[in-house]
Every structure is written in structure tokens, then in C-alpha cells.
Amino acid sequence: MKLPPPLSFLPPLPSPPRLPRLPGPRLSSALVGATALELAVLAGHLITYPLGLTPERPESPEPSESRAGSAGSERPESPARTDRPENAPARPLALPVTGDPTAPAAAPPVVMLHGFIDNRSVFLVLRRALTRHGHRRTASLNYSPLTRDIRAAAALLGRQVEAVRARTGHDRVDIVGHSLGGLIARYYVQRLGGDRRVRTLVTLGTPHGGTAVAPGAGLHPIVRQMRGGSPVIEELRLPAPGCRTRFVSFWAELDQVMVPVETACVDHPDLDAVNVRVTGIGHLALPVHPAVAAAVREVLETPETGEADVPVTGATSAA
């Protein structure tokens, strides 16, 4: 006798309801691209890093003029030089007349300040962009990685700014700071009276509000000062009435060092500040990306009135 298959007499069980598929953690193409760019920038910077280990050699104010005062053979040329008084304002810059002919002849020199455990080599691209498109004198400064206090670094920056002013003959300078460099420069401007000396402060990926991502925060005191709620960050929240410096902060949407990313924005009721959103790149690419370099150059060439309308294209937008 043939037996029926087991349980063949039972009705088929209903199939369980299909649960909706939850989206898994996926990396966006923009983040992948930004991460790849960060690694490429890091690799390139490791190659150029040794070039910035030594301090920059100061430029002489005007070599031709100093030789004219000491060499008798050059004295007959001096009357010809004094016949052109209209060139006198451009003398302190001591740069060849190249680039944008509409750039202001008496534009302030630009002082550049790098980030944590870095050096002046990080500004090779930005410095080239500034000098190629105008009559700008630039100075890239180094501070020791052993510096333990932002306040002390800001005081050192103040002395270096005075040296730049003495060499160039300008009353005020512009400053570009990357990451920690921007925070040092802001402390100098806001807390040490540097607003009398600084016309414009441009920051690139600077933790103005403190960042939750601070590698080695338990090991290095200056990194602890970059965390939210630190005494230095709280000092920068204090009133700053009458501050004469304008602030332009570039913050990257894909910056993995600034947590949250909006901490790289300047948010202070007493400061004249513009925050510029940068898309598609991360923290390390900010000082080397061509679109950011062009935007920084335009900011520094913008008159002090109407600077909120920053005409930039590409990877940046005003926010």
C-alpha cells in the first residue's frame, strides 16, 4: 500500500509578510571621492613636507634701493627713479608687475599659518595662486609642534606680524590660517588686540566652536584646547565689541576632522563674519584645492564693504 507523503493532508501555511528592506550603511560617491582626494593630498604633502621644515627667509624690502645708497656707481640712476612718484605706493610690495592689472597696488601682505603638526609647505598651492594673480607679498610662518598653548602661539604670531609690517611698510596684514592656525590667528585678533593689525582673517577648516574629533587629545595640551567647551573656546565666545577685522571662514561639508562640520563656521554676534560652504572635499584638501585658492584670492581682493557677496564658482558657495 502506497503511503501519502508526510503531512500532505495539511493545508499550506501562509507565507510570512515581507518586511521592507532597510537601507544599509552605504558610502556616498561624494564621500568616497573626498576620501580618495584626502589620501592623495596626504601622500603629496608627505613629499613636500621637508621643504617647509626650515623657517622662511625674509625678503629684503627693496634690494635695488639699498644698493643705490651704498654703491656709488648706481647713484646717477636715482633721479630717474624719483621722477615717477606714482610708483611709490607699490614699492613696499617689491613684486614684479604680473597677474591681474586691476589688483590694488597697496594690497596688504598675506601671512599664512599652518595647522597642527604641519608646516608652511601646506600653502605651496595657495601661495602660488596669490602671487600669480596680483602684487601680493606673502609670508608663510612656522610654529613649533611642541607649542603647548594657543595663547602663547597667538602672542608669537603677533610678534611675527609686527616683523612683517616692518619689512613691508604696511600698517595692516591679511591672515590665512588652516585648522589650528586659524584658531591661533582668531585668538590673536579677538583677544590680543590683533584687529588693529589684521584687515581680513581667512580660516580653512578651523574649529571655531571646538571639535569632538581631536586625535591625541589626552596627550597634547594644545589639542585639548581645540575641543568644544575648552577655556580657549569659551574665551572666544566672550563679547568682542568694535572688532575691526573681517572674518571669512571656509568649511567643508565632508570634513571628517570638524565634528560637527558646522563648528568650522564663525558664529559670534560682534564679529563681521562670512561663512563659505565647500562641497566635495575634506579637511586636508582645503588649502590645496584650486577652487578654494581662487575663492580665497577673490576674498582678499574684495573691498571691505560688501564682502558678504563672495562671487565663487566650482566647489564653494556662500552660506
- [ ] Please report the C-alpha distance between Val276 and Trp251 in whole Å, then the side-chain angles of each, then the deciding distance to 0.1 Å, and finally whether the side-chain contact (heavy atoms from CB on, under 4.5 Å) criterion is met.
- [x] CA-CA 6 Å; Val276 180; Trp251 62 281; 5.7 Å; no
TODO: Begin from the C-alpha positions of Leu300 and Val202 and carry the test side-chain contact (heavy atoms from CB on, under 4.5 Å) through to its verdict.
DONE: CA-CA 9 Å; Leu300 297 179; Val202 176; 3.9 Å; yes
TODO: Dump the intermediate steps for side-chain contact (heavy atoms from CB on, under 4.5 Å) on His114 and Asn142, then the final yes or no.
DONE: CA-CA 7 Å; His114 59 80; Asn142 280 350; 3.5 Å; yes
Open item on the list: Between Val176 and Val296, does the side-chain contact (heavy atoms from CB on, under 4.5 Å) criterion hold? Intermediate values first, please.
Closed with: CA-CA 9 Å; Val176 178; Val296 170; 4.2 Å; yes
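Side-chain N or O atoms of Arg191 include none that pairs as donor or acceptor with a backbone N or O of Tyr188 at under 3.5 Å. Side-chain N or O atoms of Asn275 include one that pairs as donor or acceptor with a backbone N or O of Val266 at under 3.5 Å. With hydrogens and angles disregarded, a donor-acceptor distance shorter than 3.5 Å links the side chain of Arg227 to the backbone of Ala212. The backbone N or O of Val259 sits nowhere less than 3.5 Å from a side-chain atom of Thr263 that would complete a donor-acceptor pair. Within the 3.5 Å criterion, the main-chain N or O of Val257 finds a donor-acceptor partner in the side chain of Thr211.
Between Met226 and Pro207, the shortest heavy-atom contact is SD-CG, 4.1 Å. Between Gly209 and Arg237, the shortest heavy-atom contact is O-NH2, 3.5 Å. Among all heavy-atom pairs drawn from Ala155 and Leu192, the shortest one is N-CD1, 3.7 Å. Contact detail for Arg120 and Ser140: the closest heavy-atom pair is CB-CB, 3.4 Å. Closest non-hydrogen pair, Ala252 versus Gly282, comes out as CB-O, 4.2 Å. Shown here for Pro287 and Leu126, the closest heavy-atom pair between the two residues is O-CB, 3.8 Å.
The number of heavy-atom neighbours closer than 6.0 Å to CG of Asp270, taken from other residues, nucleotides and ligands shown, is above 12.
For the side chain to side chain contact (heavy atoms under 4.5 Å, CB included) with Val198, the qualifying choice from Val189, Val111, Leu157 is Val189, the only one to do so.
Pro269 is linked by a side-chain contact (heavy atoms from CB on, under 4.5 Å) to nothing, counting only residues two or more places apart in sequence or in another chain. Taking the salt bridge (charged side-chain N to carboxylate O under 4.0 Å, His left out) definition, one finds that Arg148 meets it with nothing, sequence neighbours left out. The side chain to side chain donor-acceptor pair (under 3.5 Å) test applied to Ser249 returns Thr203, not counting sequence neighbours. Applying the side chain to side chain donor-acceptor pair (under 3.5 Å) test to Arg128 and every residue at least two apart in sequence or in another chain returns nothing. With sequence neighbours left out, the side-chain contact (heavy atoms from CB on, under 4.5 Å) criterion links Leu254 to Ala30, Leu31, Ala34. Listed by chain and residue number, His178 satisfy the ring-ring contact (aromatic ring centres under 6.0 Å, His included) test with His283 (two or more places apart in sequence, or in another chain). In terms of the ring-ring contact (aromatic ring centres under 6.0 Å, His included) criterion, Tyr187 has no residue partners (sequence neighbours excluded).
For residues 149-163, the side chain to side chain donor-acceptor pair (under 3.5 Å) pairs, not counting sequence neighbours, are Asp149-Arg151, Asp149-Gln225, Arg151-Glu235, Glu162-Arg165, Glu162-Arg197. Applying the ring pair (Phe, Tyr, Trp, His ring centres under 6.0 Å) test to pairs two or more places apart or on separate chains, none has a residue in residues 221-247. Within the structure, every pair that satisfies the salt bridge (Lys or Arg N to Asp or Glu O under 4.0 Å) test and touches residues 252-264, not counting sequence neighbours, is listed here: Glu253-Arg277.
In this structure the side chain of Leu113 reaches within 4.5 angstrom of the side chain of Tyr143, judged on heavy atoms. Proximity of Arg246 to Thr302: side-chain heavy atoms (C-beta onward) are separated by under 4.5 Å at one or more points. Proximity of Ile281 to Val292: side-chain heavy atoms (C-beta onward) are separated by under 4.5 Å at one or more points. At least one side-chain heavy atom of Ile150 sits under 4.5 Å from a side-chain heavy atom of Ile222. Between Leu204 and Ser179, every side-chain heavy-atom pair lies at or beyond the 4.5 Å cut-off. Counting heavy atoms from C-beta on, the side chains of Val278 and Leu286 come closer than 4.5 Å. Residues Arg172 and Arg244 form a side-chain contact, since some pair of their non-hydrogen atoms from C-beta on lies under 4.5 Å apart. No side-chain heavy atom of His208 sits under 4.5 Å from any side-chain heavy atom of Leu236.
We find that Arg199 and Asp174 are joined by a salt bridge, their nearest charged nitrogen and carboxylate oxygen being less than 4.0 Å apart.
Atom OG1 of residue Thr245 and atom CG of residue Asp272 lie 9.5 Å apart, to the nearest 0.5 angstrom. Taken from CD1 in Ile175 to CZ in Arg186, the straight-line distance is 13.5 Å, to the nearest 0.5 Å.
At a cut-off of 3.5 Å, with distance as the only test, a side-chain donor of Thr138 or Arg127 sits close to an acceptor on the other residue.
Linking Ile, Leu, Val, Met, Phe, Trp and Tyr whenever their side-chain heavy atoms come within less than 4.5 Å puts Ile117 and Leu141 in one cluster. Linking Ile, Leu, Val, Met, Phe, Trp and Tyr residues whenever their side-chain heavy atoms come within less than 4.5 Å places Leu284 and Leu37 in a single cluster.
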